[in-house]
Amino acid sequence: MKYIKFFLVGILFGIVMSKAEIISWYRIYEMFKFQSFHMYGIIGSAVFLGMISMFFFKKKLVKTFQGEEIVVEPKKSGIYRNLLGGVLFGLGWALAGACPGPMFVLVGKGVVSILVVIFGATLGAFLYGFSKDKIPH
Amino acid sequence: MEFITQPWAWYVAGPVIAFVMFLLYYFGERFGVSSNLETFCSIGGAGKFVDYFKIDWRENTWNLIFIAGAIAGGFISAYWLSPSDVVALNPQTVQDLADIGIIDAGATYLPDEIFSVDTMLSLKGFFILLIAGIMVGFGARWAGGCTSGHAIVGLSNLEIPSLISVVGFFIGGLIMTWVILPLIF
């Protein structure tokens, strides 16, 4: 039962990804063509409100529902990791027109072919784990 | 009800996404979708070949449940909340896509030229989908996060690694959109 709240938050996430057309391949293309404000407005307003959340977490004004302090783990740093990994991700994002979240939402929409992309993404994660000691970070 | 069934504006979607992030932290977890890909590898037994995947994936069950919810949300949205599948694109975008061989842009959410079952069953179409996925999966884990972990959480938390990663996302995305896509179709 403790997991049901994550299922409900996931439903909200799936609905907003669909209804705001973030799962549309075209919206991603349009964003990279700088032909619409839509995606920039979404990411920008989410980050703006996210910053306010982070402020409340850091000041301990908001704790978890169980009263524990919320600590946001810092990201791993490394110019090669972040930049090269980021570029590779961006190439895939613009080709698939979907990042990992929307891929799963598209499954719910009934798009069979997205399963090939999800399989590829899982394979990509495996290949990263397999080769991580041989590539720069 | 019409407020729900029409396409949601950016100023609705952005705050809802921020709220999703807030709730995941409030419930004692975090917001990051691409780590599920590693969990899939661990469940599939990748730990037998690569130590990196020797993790107790049960700790990530909440995240698997979250994406199961995302799938359900996609279903609910498609079947009950979306009377129209039309995406109101910039007319210039529609024209640009027609020029590179993708017709009727915006008539539905996705181009048939990439996502139709017929395309998927062709050799070229299958490899486009597969390679796109591999780049997303490899790139996300190399960078240490995807759009959720880096662009939303990381930027909100003023993290330099996330800023560099998001710059990388855009370099890759611009190269694909402006240079490679016109060559593929």
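Bear in mind the structure is a predicted one, so any value in this text is a computation, not a measurement. Lettering follows sequence order; numbering is per chain, from 1. These values consider heavy atoms only, across backbone and side chains, with no hydrogens, waters or symmetry-generated copies.
- Side chain of B:Glu159 to main chain of A:Lys75: a donor-acceptor pair is present (N/O by atom type, distance under 3.5 Å, no hydrogens or angles).
- Ring orientation note: the planes of B:Phe66 and A:Phe13 are tilted relative to one another, at an angle of 30° to 60°.
- Only the side chain of A:Ile70 comes within contact range of chain B, with at least one heavy atom under 4.5 Å from a heavy atom of that chain.
- Using a 4.5 Å cut-off between heavy atoms, A:Glu30 contacts chain B through both its backbone and its side chain.
- Looking at A:Leu91 and B:Ile175, their side chains come closer than 4.5 Å, going by heavy atoms from C-beta outward.
- Going from atom CG of B:Leu158 over to atom CE of A:Met51 covers 5.0 Å, rounded to the nearest 0.5 Å.
- When the side chains of ILVMFWY residues are joined at heavy-atom separations under 4.5 Å, either directly or via intervening members, B:Leu183 and B:Leu181 end up in two distinct hydrophobic clusters.
- Expressed to the nearest 0.5 Å, how far OG1 of B:Thr61 lies from OH of A:Tyr3 amounts to 4.0 Å.
- At least one side-chain heavy atom of A:Met54 sits under 4.5 Å from a side-chain heavy atom of B:Val153.
- The distance from atom NZ of A:Lys33 to atom OG1 of B:Thr93, rounded to the nearest 0.5 Å, is 8.0 Å.
- For chain B, the option among A:Ala94, A:Ser45, A:Ala125 with the highest count of heavy-atom pairs below 4.5 Å is A:Ala125.
- In this structure, no portion of A:Ile28 lies under 4.5 Å from any heavy atom of chain B.
- Heavy atoms of A:Leu84 lying under 4.5 Å from chain B belong to its backbone as well as its side chain.
- Figure legend: A:Lys109 and B:Tyr109 shown as a cation-pi pair, the cationic atom lying under 6.0 angstrom from the six-membered ring centre and within 45 degrees of its axis.
- For A:Gln66, no part sits under 4.5 Å from any heavy atom of chain B, backbone or side chain.
- With hydrogens and angles disregarded, a donor-acceptor distance shorter than 3.5 Å links the side chain of B:Asn90 to the backbone of A:Gln35.
- With a threshold of 4.5 angstrom between heavy atoms, A:Lys63 approaches chain B through N, CA, C or O but not through any side-chain atom.
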Check step by step if side-chain contact (heavy atoms from CB on, under 4.5 Å) holds for B:Tyr25 and A:Ser53.
CA-CA 10 Å; B:Tyr25 282 99; A:Ser53 292; over 6 Å; no
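- Residue B:Ile184 is grouped with residue A:Trp25 when hydrophobic side chains (ILVMFWY) are merged at heavy-atom distances under 4.5 angstrom, including chains of intermediate members.
- Taking the side chain as every heavy atom from C-beta outward, A:Phe126 and B:Glu38 never approach each other to under 4.5 Å.
- Counting heavy atoms from C-beta on, the side chains of A:Phe89 and B:Met135 never come closer than 4.5 Å.
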side-chain contact (heavy atoms from CB on, under 4.5 Å) between B:Tyr11 and A:Ile42: does it pass, once the steps are laid out?
CA-CA 7 Å; B:Tyr11 50 80; A:Ile42 290 171; over 6 Å; no
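- With hydrogens and angles disregarded, no donor-acceptor distance shorter than 3.5 Å links the side chain of A:Thr64 to the backbone of B:Gly28.
- Ring centers of A:Phe32 and B:Phe170: under 6.0 Å apart, within the cut-off.
- At least one donor-acceptor pair under 3.5 Å links the side chain of A:Lys19 to the backbone N or O of B:Leu81.
- Residue contact with chain B, scored on non-hydrogen atoms closer than 4.5 Å, is absent for A:Phe48.
- Distance CD1/B:Ile134 to CZ/A:Phe119: 8.0 Å, rounded to 0.5 Å.
- Using a 4.5 Å cut-off between heavy atoms, A:Met39 does not touch chain B at all.
- A ring-centre distance under 6.0 Å is found for B:Tyr52 and A:Tyr128.
- In this structure, the portions of A:Val72 lying under 4.5 Å from any heavy atom of chain B include both its backbone and its side chain.
- In the hydrophobic clustering of ILVMFWY residues, with side-chain heavy atoms under 4.5 Å counting as a link, B:Leu37 and A:Phe130 come out together.
- Highest contact tally toward chain B, considering only A:His38, A:Lys5, A:Glu68, is held by A:Lys5 [criterion: heavy-atom pairs under 4.5 Å].
- Taking the six-membered ring where tryptophan is involved, the planes of A:Phe65 and B:Tyr26 are tilted, since the angle between them lies from 30° to 60°.
- Checked against the 6.0 Å centroid threshold, B:Phe22 and A:Phe57 count as a close aromatic pair.
- Note on A:Ile118, A:Leu88, A:Leu123, A:Leu127: by heavy-atom pairs under 4.5 Å with chain B, the leading option is A:Leu88.
- Between chain B and the residues A:Ile23, A:Val47, A:Ile4, the most heavy-atom pairs under 4.5 angstrom are made by A:Val47.
- Ionic pairing of B:Asp51 and A:Lys132 is not present here: no N-O contact between side-chain nitrogen and carboxylate oxygen is shorter than 4.0 angstrom.
- Checking side-chain atoms of A:Asn82 against main-chain N and O of B:Ile164 turns up no donor-acceptor pair under 3.5 Å.
- The candidate from A:Gly101, A:Gly97, A:Gly41 with the greatest count of non-hydrogen atom pairs under 4.5 Å with chain B is A:Gly41.
- Contact check for A:Phe6 versus B:Glu29: side-chain heavy atoms found under the 4.5 Å cut-off.
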For A:Val111 and B:Leu110: C-alpha separation, side-chain torsions, deciding distance, then whether side-chain contact (heavy atoms from CB on, under 4.5 Å) applies.
CA-CA 9 Å; A:Val111 179; B:Leu110 304 171; 3.6 Å; yes
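- In this structure, the portion of A:Phe37 lying under 4.5 Å from any heavy atom of chain B is its side chain and not its backbone.
- Note that CZ of B:Phe138 is 3.5 Å distant from OG of A:Ser131, once rounded to the nearest 0.5 Å.
- Between the CE atom of A:Met103 and the CD1 atom of B:Ile67 there is a distance of 11.5 Å, given to the nearest 0.5 Å.
- For A:Phe55, no part lies near chain B; criterion is any non-hydrogen pair under 4.5 Å.
- Taking 4.5 Å as the limit, some side-chain heavy atom of A:Tyr29 sits within range of a side-chain heavy atom of B:Asp96.
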Please report the C-alpha distance between B:Cys41 and A:Thr122 in whole Å, then the side-chain angles of each, then the deciding distance to 0.1 Å, and finally whether the side-chain contact (heavy atoms from CB on, under 4.5 Å) criterion is met.
CA-CA 7 Å; B:Cys41 293; A:Thr122 306; 3.9 Å; yes
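- Using a 4.5 Å cut-off on side-chain heavy atoms (C-beta onward), B:Val94 and A:Tyr26 make no contact.
- Residues A:Leu49 and B:Met21 are not in side-chain contact: their nearest non-hydrogen atoms beyond the backbone lie 4.5 Å or more apart.
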